[in-house]
Amino acid sequence: MSSPKKIRKAVFPVAGLGTRFLPATKSVPKEMLTVVDKPVIQYVVDEAREAGIEHLIFVTGRNKAVIEDYFDAQVELYHTLEQRGKLQDLEHLQNIQPQPGTTSFTRQQEPLGLGHAVWCARELVGDEPFALLLPDMVMQSKRGCLAEMVELYEQTQNNIIAVQECHPEEAHKYGIVGRGEDVAHGFKINQMVEKPAKGTAPSNLYINGRYILQPEIFKLLQNQERGAGGEIQLTDAMLKLAELQEFYGFRYEGRTFDCGSKEGFIEANVAFALSRADIRPNIESNLNMLIKEIKLSS
Ligand code: UTP
């Protein structure tokens, strides 16, 4: 097997309307809502950089310009922090600042679905395999999900999808894969179904929002007709690609929070706060007290 092409680029589709977070998302993109003290999008970008990604491609939409501003250098702010002696804050901001020329932004002019958003990145990705990270899905583990996927990709090449176990009763809410033979620290995917009817799912392994895809997906997306909800579905194009190329599953063992939903977003805030040594003691005792008080009064 020839050595695989390095995964250098990652696509972040951030053009969704975020209707589950109205009214907040009338003016603030859901990717900019904060989990403890970082916007949701920063967690996902950190995961990509840990995996060796060199170029960040954002597919944005109307009302999302603030995401581009966030990744820009804030020279005046850096200067003020320096003058005030806040050197730790300054160093942190400079460390997370993408280098010039390593971010690209393109617009999905109409929210026609995830598949369409990915297709909008075709010129920026070009003819090479790429990572796709859904920014709603924020992950918590020692080692990033994408870093582990890249390791698997180096052994299998082709396409990789990260999956996690869900309760069998919940399988109808997700994209589900069927599990074939084990390969390296993953397995061959032998089926893919988007939101299977109750009781028909081939497994309880759901697609958790991280992918490594070959560029041939773009041609399939280009010709993809609208599917469920009148949107261009990524899963429909992946099913076609699976007729031509292998797909492997990577089973992620960490925590995933769906920050596109209110429950997931709140849970992420609690989980990340409790894993921070500087704020954990206060948060823990205050939360316990709050839960007791609310239980007593209801
Ligand atoms: P969601 O299914 O969460 O949709 O998209 P949404 O519009 O963002 O949010 P709700 O359901 O109205 O609350 C999953 C991912 O696909 C992106 C979203 O930004 C999110 O990262 N997406 C979705 C697009 O980029 N464009 C689209 O047309 C649809």
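Side chains included, hydrogens not; waters and symmetry mates left out as well; all remaining heavy atoms used. Start at 1 and go down the list; that is how both ligands and their atoms are numbered. Owing to the predicted nature of the structure, the values given are computational and were not obtained by experimental measurement.
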Okay, side chain of [X], backbone of [Y]: is any donor-acceptor separation there less than 3.5 Å?
X	Y	answer
Arg179	Ile189	no
Lys262	Arg20	yes
Lys195	Ile176	no
Arg107	Cys120	no

Is it true that Glu231 and Arg226 make a salt bridge, defined as a side-chain N closer than 4.0 Å to a carboxylate O?
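So Glu231 does not pair with Arg226 through a salt bridge.
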Should the pair Lys240-Glu243 be classified as a salt bridge under the 4.0 Å nitrogen-to-oxygen rule?
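Between Glu243 and Lys240 there is no salt bridge, as every charged N stays at least 4.0 Å from the carboxylate O atoms.
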Kindly confirm or rule out an N or O of [X] lying under 3.5 angstrom from an N or O of ligand 1.
X	value
Arg20	yes
Val59	no
Leu17	yes

Within a distance under 4.0 Å of any heavy atom of [X], pick out the atoms of ligand 1 and give their elements.
X	answer
Glu31	19 (O)
Ala117	24 (C), 25 (O), 26 (N)
Thr19	10 (P), 12 (O), 13 (O)
Val14	19 (O), 25 (O)
Pro135	21 (O)
Gly113	26 (N), 27 (C), 28 (O), 29 (C)
Pro111	28 (O)
Leu112	28 (O)

Tell me whether the centres of the aromatic rings in [X] and [Y] are closer together than 6.0 Å.
X	Y	result
Phe21	Phe265	yes
Tyr43	Phe272	yes
Phe58	Phe71	yes

May I ask whether Glu110 has any heavy atom positioned less than 4.0 angstrom from an atom of ligand 1?
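No; Glu110 lies far enough from ligand 1 that no heavy-atom distance drops under 4.0 Å.
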Could a heavy atom of Gln108 be found less than 4.0 Å from some atom of ligand 1?
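Flag set, Gln108 near ligand 1.
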Which protein heavy atom lies closest to [atom], and at what distance to 0.1 Å?
atom	value
atom 6 (P) of ligand 1	Lys30 NZ, 3.5 Å
atom 24 (C) of ligand 1	Gly16 N, 3.4 Å
atom 25 (O) of ligand 1	Ala15 N, 3.0 Å
atom 17 (C) of ligand 1	Pro13 O, 3.8 Å

Arg143 atom CZ, over 12 foreign heavy atoms within 6.0 Å:
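Enclosed.
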Of Leu234, Leu22, Leu114, Asp136, which has the heavy atom at the shortest distance from atom 5 (O) of ligand 1?
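Shortest heavy-atom distance from atom 5 (O) of ligand 1: Asp136.
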Considering only heavy atoms from C-beta outward, does the side chain of Leu134 approach that of Tyr211 to under 4.5 Å?
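Yes, their side chains come closer than 4.5 Å.
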